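Chain letters run A, B, ... following the sequence lines, proteins first, then strands; residues in each count from 1. Values in this document were obtained by computation on a predicted structure and should not be read as measured data.
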Amino acid sequence: MAARKQQIRKFTRPQILFHWVYASAWIVLVLTGTTFLWRPDPHGPAVGLGALLQGSVGQWLRLVHRVAAVVLMAAPLLWLALEPRRVLSELRELMIIRRNDIQYLLVAPLHYTFGRPPLPPQGKYNGGHKLNFWVVVLTFVGFVVSGITMWFFRGVVAAETFRLMLLIHNVCFWLGLGMGMLHIYLTVLHPFTRQALSAMISGFVDLKYATAEHSEWVEEQLRSGQAEVREAPAASGGSD
Amino acid sequence: MGRAATWETWKPDPGNPNQHVAMLVDTSECIGCKACEVACKQWNLNEARINQEPGTYQSHPHLDAQTWTLIRFVERTNDQGEVEWLFQKHNCMHCTEAGCVTACPTDALQYGNYGVVTLDQEKCIGCAYCEQACPFDAIHVDRNPFNPRAQKAGKCTLCYDRITAGMQPACVKTCPTDCIKFGDRDALIEWGRQRVEELKARGFKNANLYGVDQLGGLHELYVLLEPPEVYGLPANPKISTWTKLWKYAVQPLGKLAVGAGLFGLAVNWVAARRAFLQGQAAGHGESDHAAGQS
């Protein structure tokens, strides 16, 4: 058997905690929010699962939706409280979209289907991560503004404003759901990238994988001496 | 026209649920006595709510989840310089194209028999989308933070339980001037048009019949003495563009896009797996897959 694989730390514990608190709340919100999708035609009855989600069941789901919404809104504050400096540096990294990121986004659909053409070298976050970041941030703002308006300011704001908020909430739902599906697919199912998931569990990811996918970041980490490298534990870590 | 024109004996045809019924309020005969409000509360077992705004004879500031009909008082100075009241018995208009039914995510609000918009509170989840979609402010959901399960929509049902049993709606039955009439919609429109002509001949030049064409036709008709806006009624009510966009564009397109997306991911998985296994066979599998490493 060959020597154990080398791993490099990508995410800190608070960041991982934040990610999973946010992700859990997000999934609960998506599932409870689907209550509103089962009556496509007002001239007919609710279809499919809609028949089961009415009355007190739907009322409980709405309550759960609100509890999860509070958790989702509090999650970023939790991370900010735990490691404020790192939050800022990570945000800076995620916010800025460079030429490489655009190139990445153009090439990625082909690369992740056929294995070629090659991807341009990427930093800690590639163009896809940054796209995900922006969709998450913008839908977060859309969800929070429209959600709080509907929750607390029904009857205070004009009815037309409420109707617009309802529309915004729904647009954010579809944008977020699409991005979320892709995000989950790439880290859980896609043959090329699924080993990245370990970074969001143990914090470490396979060094060879990281070098291939995030060469700029790995080089910079090794050069500056900031890299936290370890041998993969016997029964965990990346795939293989 | 008074008692002579009573519609008291009229019943909808139980064999023809497609027949459209309506209520017509002849506001020229309304005396603002609020007996209809009391009868409505009593028949529908709705609690009394004392929340009158000071400085008015109007019983409640607006309809609410347990107040389903309300005489709105418009106090104004008329052309002769006299102070006068206009009364409008306000409640659900039972629209043919209803904002509330369009927005309802459950089976609670439906287009029922006889053109009535029915509300089944057992199915209601209290989301209040109906309240905010209604162009007439005629359906409401109480805020009930300490008992969320009591948070249900409430509105006039046109006494669906009574009319399907051959009775008149409670408010119609009790009205002392017979200004509220219940009957076949077409016949009431005919009656209302004649009444408007009569009123115009008597000098009420602004008299008009409201509800014939609005939102595909309302099942609550009004003989008004002044233009609808004077009573706070929208001359041309509409279901909001935002509501329609949400229901008829964003929701179906979103479902379609998610379906197409799932299909695309499945296809991608099959193709990517082949590329991955080939790369592995050629010694470029797993972590070496990224062809950036040549």
Side-chain angles (χ1 to χ4, degrees), chain A residues 5 35-40 42-43 45-46 50-51 53-63 111-121 150 154-155 159-160 162-164 166-167 170-171 173-174 177-178 181-182 185 189-192 195 206-209 211-213 215 238-240, chain B residues 98 101-111 122-129 131-135 137 141 143 148-149 151 240-243 245-247 250-255 257-258 261-262 265 267-269 271-273 275-279 284 286-294:
Chain A
K5 286 187 164 183
T35 310
F36 293 89
L37 302 181
W38 298 102
R39 196 168 175 206
H43 289 274
L53 301 176
Q54 316 212 352
S56 58
V57 176
Q59 286 181 307
W60 279 112
L61 291 176
R62 286 184 56 239
L63 189 63
H111 177 84
Y112 288 117
T113 310
F114 304 111
R116 65 193 137 78
L119 294 169
M150 292 191 289
R154 165 164 73 87
E160 196 65 1
F162 186 99
R163 297 163 189 157
L164 177 62
L166 181 49
L167 180 68
N170 198 241
V171 169
F173 173 82
W174 296 112
L177 183 61
M181 274 164 38
L182 187 62
Y185 168 73
L189 289 175
H190 195 283
F192 294 2
Q195 47 187 321
D206 184 80
L207 183 58
K208 272 167 88 182
Y209 172 82
T211 312
E213 287 268 342
S215 53
S239 65
D240 189 48
Chain B
V101 185
T102 305
C104 181
T106 69
D107 285 334
L109 283 158
Q110 302 270 1
Y111 296 111
E122 287 286 305
K123 303 263 172 71
C124 176
I125 62 172
C127 67
Y129 287 7
E131 175 189 289
Q132 298 297 317
C134 174
D137 195 33
V141 180
R143 280 194 172 278
R149 294 185 64 177
Q151 202 169 303
S240 164
T241 311
W242 302 135
T243 306
L245 263 179
W246 163 63
K247 190 77 178 187
V250 177
Q251 284 222 8
L253 286 177
K255 288 175 196 173
V258 165
L262 280 174
L265 292 183
V267 170
N268 174 272
W269 187 81
R273 191 172 153 75
F276 180 72
L277 293 175
Q278 277 170 3
H284 292 287
E286 306 197 348
S287 49
D288 295 320
H289 82 272
Q293 313 285 294
S294 59

Q: Between B:Ala98, B:Ala128, B:Cys127, B:Ala257, which shows the greatest number of heavy-atom pairs under 4.5 Å with chain A?
A: B:Cys127
Q: For the candidates B:Ser240, B:Gly261, B:Ala271, which exhibits the highest count of non-hydrogen atom pairs separated by less than 4.5 Å from chain A?
A: B:Ser240
Q: Quick check, are the ring centers of A:Phe173 and A:Phe36 under 6.0 angstrom apart?
A: no
Q: At a heavy-atom distance under 4.5 Å, which candidate from A:Gly50, A:Gly55, A:Pro45 has the highest pair count against chain B?
A: A:Gly55
Q: Got A:Leu53 and B:Thr106 here, is their nearest side-chain heavy-atom distance under 4.5 Å?
A: no
Q: Go through the atoms of B:Cys104 and report whether side chain, backbone, both or neither lie under 4.5 Å from a heavy atom of chain A.
A: both
Q: Between A:Arg62 (side chain) and B:Gly126 (backbone), is there a donor-acceptor pair under 3.5 Å?
A: yes
Q: So what's closer than 4.5 Å to chain A heavy atoms on B:Leu253: side chain, backbone, both or neither?
A: neither
Q: Verify the neighbour count for atom CZ of B:Arg143: are there more than 12 heavy atoms of other residues, nucleotides or ligands below 6.0 Å?
A: yes
Q: Among B:Gln251, B:Gln110, B:Arg273, which has the most heavy-atom pairs under 4.5 Å with chain A?
A: B:Gln251
Q: Is it the backbone or the side chain of A:Leu164 that comes under 4.5 Å from a heavy atom of chain B, or both, or neither?
A: both
Q: Roughly how far, to the nearest 0.5 Å, is CZ of A:Arg163 from CG of B:Leu245?
A: 13.0 Å
Q: Between A:Leu63, A:Leu189, A:Val57, which has the largest tally of heavy atom pairs under 4.5 Å with chain B?
A: A:Leu189
Q: Counting only non-hydrogen atoms closer than 4.5 Å, does A:Leu207 touch chain B with its backbone (N, CA, C, O), its side chain (CB onward), both, or neither?
A: neither
Q: So, does B:Glu131 use its side chain to make a donor-acceptor pair with the main chain of B:Val141 at under 3.5 Å?
A: yes
Q: Test of understanding: with side chain to side chain donor-acceptor pair (under 3.5 Å), list the residues that count as partners of B:Gln132, not counting sequence neighbours.
A: none
Q: Heavy-atom cut-off 4.5 Å, strictly under: side chain, backbone, both or neither for B:Cys134 against chain A?
A: backbone
Q: What part of A:Arg154 lies closer than 4.5 angstrom to a heavy atom of chain B: side chain, backbone, both or neither?
A: both
Q: So with a 6.0 Å cut-off around CH2 of B:Trp242, is the heavy-atom count from everything else above 12?
A: no
